[in-house]
2 protein chains.
Amino acid sequence: MLIEVGERGATLDAVAARAGVSKGGLLYHYPNKEALVAALLDRFDTLAQEEIEAMKTAPEGAGVYFIKAAIWDGGPLDRSFVAATRLAEVAHSETQRRFARIQKQWLEVLTEELGEDLARAVRYMSDGLYFNAMLENGGGQAMDRAKTDAEVESLLRVLELVRGRS
Amino acid sequence: MLIEVGERGATLDAVAARAGVSKGGLLYHYPNKEALVAALLDRFDTLAQEEIEAMKTAPEGAGVYFIKAAIWDGGPLDRSFVAATRLAEVAHSETQRRFARIQKQWLEVLTEELGEDLARAVRYMSDGLYFNAMLENGGGQAMDRAKTDAEVESLLRVLELVRGRS
DNA sequence: GTCTATAAACTGATAGAC
DNA sequence: GTCTATCAGTTTATAGAC
């Protein structure tokens, strides 16, 4: 709901209807809206930690893996990421803290492989991919996959170019 | 208000109080909330067009200019950009359309100078800078300037490296 | 031109039936 | 465990006084 209609549209009424329960039923499982948000953030955190492990052991290297992973494919981490973004934007401070921590961890793994400058460049490119997915993806449906793939290939070529030089 | 408290917090009441008028007074100047949003989008559009002209004539080149401009300095364009982002995130479709158009124009100017691959990389890095400013800047105050400057220098080094190679 | 007062609709949350 | 009914607080917008 956060992805499709934004923070404002993700009311208890709307969430309950989408989940196929009544508002009272929803509030039985989550005593208040903040508890629902907390569950979302925990889920995001778990998925992000799994991603960090996957980066570390990726055969193609953390940098290439990270950029490829930043494609919007409607997967659980992508969805959690964008949903959490919607909360961070309304100045939800707990969400902002968690985001900062995860971003820092990602940067650390990238720095080990690529050095500080390139690691930062890669993380910003990845953030840029998410940023654009966020903007274009109000509807929630997957973006034009061929187009996004081409853009990622484009970024990977730049990455290879720099690695060959640094 | 959009930057500091998000779309949800930017109520007519809050905007009126900040502007130093009553709600009735605000609604005299802007007949409804949508008109207020439209004025913001027009302002963003105007500033973005000015930026495109500045990019084209920048002595250091469009790419370097663009990355430097993406630092959050609390300037009018930065503020308009982030404010508009807040609207795009709640699935405000008109905002999304305008964003897409401006992003496309920026990419075209960059492509003329840098070629498709690098232009895309630069625009994504810039988007990433905004994305992070957005997340960390809930409070609205300027970010740690020294830190951001160092990050931009980092990105510029990568850009120079690739340009030397391609 | 700006204000107060108020209407109409919506949101999060509680109470209690089944 | 899920539902309906309802409350108190907001939010956008209108009406009319000054």
Side-chain angles (χ1 to χ4, degrees), chain A residues 1-45 79-80 82-99 134 137-140, chain B residues 1-45 79-80 82-99 134 137-140:
Chain A
M1 296 301 292
L2 285 168
I3 296 171
E4 290 174 25
V5 294
E7 196 268 344
R8 190 162 205 175
T11 63
L12 291 180
D13 252 326
V15 172
R18 177 67 165 270
V21 294
S22 71
K23 189 159 33 167
L26 174 62
L27 284 167
Y28 169 79
H29 294 285
Y30 299 93
N32 53 47
K33 201 178 187 183
E34 200 44 39
L36 197 62
V37 168
L40 170 71
L41 290 180
D42 283 343
R43 183 178 154 78
F44 174 43
D45 230 343
R79 296 179 68 78
S80 296
V82 175
T85 300
R86 298 282 148 94
L87 294 172
E89 284 147 10
V90 293
H92 192 275
S93 54
E94 172 61 15
T95 307
Q96 290 173 340
R97 264 195 299 278
R98 298 234 195 171
F99 243 108
M134 250 171 53
N137 207 255
Chain B
M1 296 301 292
L2 285 168
I3 296 171
E4 290 173 25
V5 294
E7 195 267 343
R8 191 163 205 172
T11 64
L12 291 181
D13 250 326
V15 171
R18 177 67 165 271
V21 295
S22 73
K23 192 165 19 173
L26 174 63
L27 284 166
Y28 169 76
H29 293 285
Y30 299 93
N32 53 48
K33 201 178 187 183
E34 200 44 37
L36 198 62
V37 168
L40 170 71
L41 290 180
D42 283 343
R43 181 177 155 79
F44 174 43
D45 230 343
R79 297 179 66 80
S80 295
V82 175
T85 301
R86 298 281 146 93
L87 294 172
E89 283 146 12
V90 294
H92 191 276
S93 54
E94 173 60 15
T95 307
Q96 290 171 341
R97 262 194 300 279
R98 297 235 197 171
F99 244 110
M134 251 171 52
N137 206 253

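Throughout, protein chains are lettered first and strands after them, A, B, ... in sequence-line order, and every chain is numbered starting at 1. These numbers come from a predicted model, not from an experiment.
- The residue Thr11(B) sits close only to the backbone: its heavy atoms come under 4.0 Å of sugar-phosphate atoms, none of a base.
- At least one donor-acceptor pair closer than 3.5 Å links the side chain of Gln96(A) to the backbone N or O of Ala88(A).
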Discussion item. The test is side chain to side chain contact (heavy atoms under 4.5 Å, CB included); show your working for Arg86(B) and His92(B) and say whether it passes.
Written reply: CA-CA 9 Å; Arg86(B) 298 281 146 93; His92(B) 191 276; over 6 Å; no
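- One interatomic measurement links the two molecules: CZ of Arg8(B) to C1' of dT11(D), which rounds to 11 Å at whole-angstrom precision.
- Applying the side-chain hydrogen bond (donor to acceptor under 3.5 Å, both in side chains) criterion to Glu94(B), with sequence neighbours excluded, gives Arg97(B), Arg98(B).
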Please write out the pairs of protein N or O atoms and N or O atoms of nucleotides 13-18 of chain D separated by less than 3.5 Å, giving the distance to one decimal.
residue, atom, partner, partner atom, Å
dA13(D), OP2, Lys33(B), N, 2.9

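- Residue Arg79(A) holds its CZ atom at 14.0 Å from CZ of Phe44(A), rounded to the nearest 0.5 Å.
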Practice prompt. Kindly indicate, with the supporting measurements, whether the criterion side chain to side chain contact (heavy atoms under 4.5 Å, CB included) is fulfilled by Leu87(A) and Leu40(A).
Written response: CA-CA 10 Å; Leu87(A) 294 172; Leu40(A) 170 71; 3.6 Å; yes
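- Atom CG of Asp13(B) is separated from atom C1' of dT12(D) by 10 Å (rounded to the nearest Å).
- Screening residues 5-30 of chain B for salt bridge (Lys or Arg N to Asp or Glu O under 4.0 Å) gives Glu7(A)-Arg8(B), Arg8(A)-Glu7(B), Glu4(B)-Arg18(B), Asp13(B)-Lys23(B) as the qualifying pairs, with residues at least two apart or on separate chains.
- Taking atom OH of Tyr30(B) as the reference point, atom P of dT2(C) lies 12 Å away to the nearest angstrom.
- Spacing between atom OH of Tyr28(B) and atom P of dA5(C) amounts to 22 Å, rounded to whole angstrom units.
- In this structure, CG of Leu26(B) is placed 15 Å from C1' of dT4(C), rounded to the nearest angstrom.
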